[in-house]
Trainee: 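Mind having a look at this structure? Questions to follow.
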Number of protein chains: 2
Amino acid sequence: MSHSRKVISIHELKVSCGDCSLSEICLPHGLNQEELNELDALILHKPRIEQGEVLFRSGDPMHHLYAVRSGAFKAVLSSNEGAEQITGFYLSGELMGLDGFGDDVHQCTMVALETSTVCAIDIDELEKLSTRAPGLRRQLRHLIGAEINHDHRNLLALGQLKGEERLAAFLLNISRRLKKRGFSPYEFNLPMARHDLANYLGLAVETLSRMFSRMIDADLIETNRRHVKLLNTKALCELAQYDCPRESHHASS
Amino acid sequence: MSHSRKVISIHELKVSCGDCSLSEICLPHGLNQEELNELDALILHKPRIEQGEVLFRSGDPMHHLYAVRSGAFKAVLSSNEGAEQITGFYLSGELMGLDGFGDDVHQCTMVALETSTVCAIDIDELEKLSTRAPGLRRQLRHLIGAEINHDHRNLLALGQLKGEERLAAFLLNISRRLKKRGFSPYEFNLPMARHDLANYLGLAVETLSRMFSRMIDADLIETNRRHVKLLNTKALCELAQYDCPRESHHASS
DNA sequence: CGGCTTTTTGAACCCCATCAATATCCGTGG
DNA sequence: CCACGGATATTGATGGGGTTCAAAAAGCCG
């Protein structure tokens, strides 16, 4: 909270898509300079969102899409009996709010898992711009497809895999996403509490804890609270029945 | 296969979006006349697809979206260990192929559940047209949102509901979709075999059969093979924890 | 009618939820 | 600095929902 720190913060708020380190995985990916400038013009950088705060709520009319700039979010869908299901976690560079496409009303509630920042994109402006920016249309389509594919893989996990296998699939999925962002795929901090992860995986917290313990005993991983180290990705891949990043020709980081 | 039968078939092949009874729930919904004509021009009416035949396969490059014109389909996602999960069933008027948006390659295999016909829409042509047809963009967005919301509700069901509750939710969902198409919401034929339905709901066939039996014993439904009659939608709604169509002011058929 | 698939029913087992208790971490204030 | 309290995480014991194995019943088609 010193003065110099404040300056840095202001600087960050001015970051444009072109300068953003996430541009290669986020909406700007594949855009030419002109498209990039136009996209930049309609993006609103929101200030910090603290842990537990809500970005949008089920029932809210949809006005924006949001890209995670820093931090992480969970999307929560509720039944009218109060049961809640986390349908996804969103890391930096990922697009949130597509659940409002159906009838222009958000179905999920989006909650920050840690202090986060987002880029808000007015949906009408994005729509207008997309008519004359083919690169933007293409990237938006790919991000939509990523959301759908993620959901489908999750359905496969919930419908076909056992608890331990689901956890393995999840860890590998996070690993891959973090690697894409330049972080180590073998050692990372999970942004969510056990409680949220258990819900996401359709398990009780206690069961999830047992799955972790079992994997630790089998020397597949090491954990310390939210810190996770993957020790045997091959075995994890076999457990997960999916997502094997093909430990390619000594090309790992 | 008589000559007169052939004539009928040809007639069906000439149906345009404007004449199609599904236009109100399918892609043409909300389009003006000009947009409609342009959409019509790029739609390819495919001939019959027999039960069990594949519309597209996991790994195929995506070239088209498909709308169900008659019949029904299932989307199957496979793990690399051979486990299969049905991620959705598609009825007339619904859009198939969005799973290819991610990287222009289909992730699911789409299989006809009965003899069916589809409208194929070239993705590049649709893309071009959408730049100058705002109504089409809007409707496409809504259909994408419907797919995402469907998947999310399914995740909620698989993660939070018990077998019987999932079945109730499914029956009500089918009921609502059929009602939208002008069929009775209380009595209908399921297009899929028990085997497929069990997989979709993440249950063993035997368990699903028991769920049916239990509902029959409780006078919630009646069944005869694939024919289903809903006797107590209120109770089904309570079971499903969702999707209650609100048995509105004596407005039922 | 005969052979096939589909559906239903029965019995034993297993994964996972639930209840209960302990352990660990973390922030706060004495 | 340590003590305390609350949230978070792990471990144990028990029971239930669902799978699996097995077999019978019912529908379908030639």
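The structure presented is a predicted model; accordingly, all values stated were derived computationally and were not measured. Lettering follows sequence order; numbering is per chain, from 1.
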Trainee: 5' to 3' on DNA chain C, which nucleotides open and close the contacts with chain A (atom under 4.0 Å from a heavy atom)?
Mentor: C:dC16 to C:dC25
Trainee: Mind checking whether A:Glu238 and A:Lys234 have side chains closer than 4.5 Å, heavy atoms only?
Mentor: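 The answer is yes; the side chains approach within 4.5 Å.
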Trainee: Checking B:Phe56 now: which residues fulfil ring pair (Phe, Tyr, Trp, His ring centres under 6.0 Å) with it, not counting sequence neighbours?
Mentor: B:Tyr66, B:His106
Trainee: Can you name the residues that form a side chain to side chain donor-acceptor pair (under 3.5 Å) with B:Ser70, not counting sequence neighbours?
Mentor: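 Result, side chain to side chain donor-acceptor pair (under 3.5 Å) vs B:Ser70: B:Thr117.
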Trainee: List the residues meeting ring pair (Phe, Tyr, Trp, His ring centres under 6.0 Å) with A:Phe212, not counting sequence neighbours, and say none if there are none.
Mentor: none
Trainee: In residues 154-169 of chain B, what donor-acceptor pairs under 3.5 Å come from side-chain atoms, sequence neighbours left out?
Mentor:
unit_1: B:Asn154; atom_1: ND2; unit_2: B:Tyr200; atom_2: OH; d: 2.6
unit_1: B:Gln160; atom_1: NE2; unit_2: A:Glu84; atom_2: O; d: 3.0
unit_1: B:Gln160; atom_1: NE2; unit_2: A:Gln85; atom_2: OE1; d: 2.7
unit_1: B:Glu164; atom_1: OE1; unit_2: B:Arg214; atom_2: NH1; d: 3.0
unit_1: B:Glu165; atom_1: OE1; unit_2: B:Lys162; atom_2: N; d: 2.8
unit_1: B:Arg166; atom_1: NE; unit_2: B:Leu161; atom_2: O; d: 3.2
unit_1: B:Arg166; atom_1: NH1; unit_2: B:Leu201; atom_2: O; d: 2.5
unit_1: B:Arg166; atom_1: NH2; unit_2: B:Leu161; atom_2: O; d: 3.4

Trainee: Going by side chain to side chain donor-acceptor pair (under 3.5 Å), name the residues that satisfy it together with A:Asp196, two or more places apart in sequence or in a different chain.
Mentor: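 Scan of A:Asp196 (side chain to side chain donor-acceptor pair (under 3.5 Å), adjacent residues dropped) gives A:Lys74.
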Trainee: So, using side chain to side chain donor-acceptor pair (under 3.5 Å) as the criterion, who are the partners of A:Arg177 when residues are at least two apart?
Mentor: A:Glu94, A:Asn173
Trainee: A:Thr115: which residues meet the side chain to side chain donor-acceptor pair (under 3.5 Å) condition with it, sequence neighbours left out?
Mentor: A:Glu50
Trainee: Reading nucleotides 12-30 of chain D 5' to 3', which nucleotides get B (base under 4.0 Å from a protein heavy atom), which S (sugar-phosphate only), which -?
Mentor: BB----SBBB-----S---
Trainee: Which residue pairs satisfy the ring pair (Phe, Tyr, Trp, His ring centres under 6.0 Å) criterion with at least one member in residues 144-169 of chain A, sequence neighbours excluded?
Mentor: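 Matches after skipping sequence neighbours: none remain.
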Trainee: Could you list all the ring pair (Phe, Tyr, Trp, His ring centres under 6.0 Å) pairs where at least one residue sits in residues 218-237 of chain A, not counting sequence neighbours?
Mentor: none
Trainee: Between the opening five pairs and the closing five pairs of the helix from C:dC1-D:dG30 to C:dG30-D:dC1, how far apart are the helix axes, to 10°?
Mentor: 40°
